[in-house]
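To start, the structure under review is shown below, and the notes come after it.
Predicted model, so just to flag it, every value in this text is computed and none were measured.
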Amino acid sequence: MTLRNSAKIATFVCATFLAHQLSYGRAGAKSRIYSNVEYIEEAGDLLGYELEVKVNGWRVTGFLRIYEGGCGSPAPVSGTLAGSKISLSGKSEVYGNVGISGSMSNESVRATLRMEKAAKPETIKLKIIPKPHC
């Protein structure tokens, strides 16, 4: 291998690493908000889920809000992001232990939500939004 080829490979590896870090935030944690919350005009209620996360490398921290009428109380969650696979867990004062596992991109989260006090797990699809509802 020539010195020139080694330099090209090193440049490619560094550029790829930098792009990954900027995309997922190791150079600085990146905050994102994903939601499927809808406003029900007839009742004046907000319904749905909102996931606010801060990604710092493979570590993810944030809050899950469950809207059932008014503003949802934030339940702290934390976990990991490996590629596009996300796994979070936490505890809600209302629903007990919560778990989220699925996939996350810059535009959406598709996951299974498990809540200790819910009858069964729920599949959720959340889209990125610029700011929380409450």
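- Residues L88 and L51 form a side-chain contact, since some pair of their non-hydrogen atoms from C-beta on lies under 4.5 Å apart.
- Hydrophobic cluster of I33: the remaining members, joined at side-chain heavy-atom separations below 4.5 Å, are I129, listed by chain and number.
- Residues A75 and K91 share a closest heavy-atom pair of CB-O, 3.6 Å.
- At a cut-off of 3.5 Å, with distance as the only test, a side-chain donor of R32 or N106 sits close to an acceptor on the other residue.
- Using a 4.5 Å heavy-atom threshold, the side chains of R65 and V37 count as separate.
- Taking every heavy atom of both residues into account, N36 and K125 meet most closely at CB-O, 3.5 Å.
- Between N56 and K54, the closest side-chain pair of non-hydrogen atoms is not below 4.5 Å.
- Remark: K127 NZ to R110 CZ distance equals 8.0 Å, nearest 0.5 Å.
- Closest approach of F63 to V77, counting heavy atoms only: N-CG2, 3.9 Å.
- Between Y67 and E50, the shortest heavy-atom distance links the atoms OH-OE1, 2.9 Å.
- Here the side chains of S35 and H133 are in contact, with some heavy-atom distance below 4.5 Å.
- Annotation for E107 and Y34: closest pair C-CE2, 3.9 Å, computed over non-hydrogen atoms.
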Before giving the answer on side chain to side chain contact (heavy atoms under 4.5 Å, CB included), spell out for S92 and K117 the whole-Å C-alpha distance, their side-chain angles and the decisive distance to 0.1 Å.
CA-CA 10 Å; S92 162; K117 295 182 181 178; over 6 Å; no
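- No side-chain donor-acceptor contact under 3.5 Å links N97 to the backbone of E116.
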List the atom pairs, donor and acceptor, that lie under 3.5 Å between side-chain atoms in residues 39-48 and the rest of the protein, sequence neighbours left out.
none

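- Of the inter-residue distances, the one linking S105 atom OG with I86 atom CD1 reads 10.5 Å to the nearest 0.5 angstrom.
- Screening residues 59-134 for disulfide (SG to SG under 2.5 Å), with sequence neighbours left out, gives C71-C134.
- Tracing side-chain contacts under 4.5 Å through hydrophobic residues (I, L, V, M, F, W, Y), one reaches L113 starting from M104; they form part of the same cluster.
- In this structure, the side chains of W58 and L81 stay at 4.5 Å or more apart for every pair of heavy atoms.
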